[in-house]
Protein chains: 2
Amino acid sequence: MYKLEEQVGYILRLASQRHATVFNKHSELGLTPTQFSALVRVAEMGNCSQNLLGRRTAMDVATIKGVVTRLKAKGFVELGADPEDKRRTVVSLTKTGREVIKQLHKFGAMVTDETLAPLSGEERKVFLEMLKRLT
Amino acid sequence: MYKLEEQVGYILRLASQRHATVFNKHSELGLTPTQFSALVRVAEMGNCSQNLLGRRTAMDVATIKGVVTRLKAKGFVELGADPEDKRRTVVSLTKTGREVIKQLHKFGAMVTDETLAPLSGEERKVFLEMLKRLT
DNA sequence: CAGAATTCATGTGTATACTAACAAATATTA
DNA sequence: TAATATTTGTTAGTATACACATGAATTCTG
């Protein structure tokens, strides 16, 4: 007997939904999970072309473009030209972006913690290790 | 130090992406994972209102509407009126829909198997049990 | 060095996914 | 029963997410 509830794709979707709910419940800066990832990555990389940022956050070119556009509209990143390569758009943090990074890290840790709340400390380790292997 | 790669939301996104890739690689009927879930659920429930189908597949009203529309366009489901409640749209399988269900079950099991391939048999059990608790 | 291949960014089209607002039908309750 | 509340379905708006096509710039290669 085939049970939808036992299929990894279906359960992954439900878990992602719950994570998004937890994220949005606490999000004060109006960021989405995707925007959050991109912003944290920009901070980590300093300057970075838009396409490279997409690769480093697992977003295709069309997706990262939209994300960067919205992060710019919200004032967290700014775009510039790359003097060494005229094809590139360089993404970097604004002053506001630099100011919120620490807060974002704290926020991200909280979201992860609340999402994993149903698991014990040891279970979380095991779970994350296995989840990583599925990527 | 905050590592994006250690955050459950980020890894969930990557795992979902890989699952979608596996699903699409094998999908011959042109179904998406979401459409697949809804179709399997319709088969399981027999007749079912559109909104109820959405709840039973964890899709909100706007999403399930689009999914049902596309399943209808592909000829797998048909829509009818509910004589007992004029608000309702009843969703049911077409002949084609009934014919492909067994095939879908086999397909779904294969996708789950390939997605979980990096885990051993015992690990899969443990992993799915923990993943369910996060929903 | 010149042609070919690749990379970067953009745009279009399709498919989730959720919010909010709305109208119609049904159910509840005062 | 009449007023209220809920349910159902639709629509509009925003945000991922991916495939594909295009053009410009750069790199590779013969």
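Each chain gets a letter, A, B and so on, in the order the sequences are listed, and its residues count up from 1.
- Taking atom CG of A/D85 as the reference point, atom P of C/dA9 lies 8 Å away to the nearest angstrom.
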Letter per nucleotide, 5' to 3', of nucleotides 12-24 of chain C [B base touched, S only sugar-phosphate touched, - untouched; heavy atoms, 4.0 Å]:
---SBBBB-----

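- The residue A/N51 sits close to a base: some heavy atom pair falls under 4.0 Å.
- Nucleotide D/dC18 holds its P atom 14 Å from the CZ atom of B/R18, rounded to whole Å.
- Contact annotation: the side chain of B/R124 never approaches that of A/M130 to less than 4.5 Å [non-hydrogen atoms, C-beta and beyond].
- At whole-Å resolution of the value, CG in A/L31 and P in D/dT14 are 18 Å apart.
- Side chain of B/R18 to backbone of A/L134: a donor-acceptor contact under 3.5 angstrom is found.
- For the pair B/K125 and B/E129, the salt-bridge criterion is not met [side-chain N within less than 4.0 Å of a carboxylate O].
- As a whole-Å value, the separation of A/F23 CZ from D/dA15 C1' is 13 Å.
- Taking atom CD1 on A/I64 and atom C1' on D/dA15, their separation rounds to 13 Å, with Å as the unit.
- Inspection of the B/Q7 and A/T112 side chains reveals an N or O donor paired with an N or O acceptor under 3.5 Å.
- Rounding to whole angstrom units, CZ of residue A/R55 and P of C/dT6 are separated by 15 Å.
- In this structure, CZ of A/R88 is placed 10 Å from C1' of D/dA25, rounded to the nearest angstrom.
- Of all nucleotides listed (C/dA9, D/dG9, D/dA25), D/dG9 comes nearest to the side chain of B/T89.
- Using a cut-off of 4.0 Å between Lys/Arg side-chain N and Asp/Glu carboxylate O, A/E44 and B/K3 are scored as not salt-bridged.
- Put simply, CZ on B/R56 is 14 Å from P on D/dT8, counting in whole angstrom units.
- A donor atom on one side chain and an acceptor atom on the other are not found under 3.5 Å apart for A/S27 and A/N24.
- Checking the phosphate oxygens (OP1, OP2) of D/dT10, a side-chain nitrogen or oxygen of B/K65 falls inside 4.0 Å.
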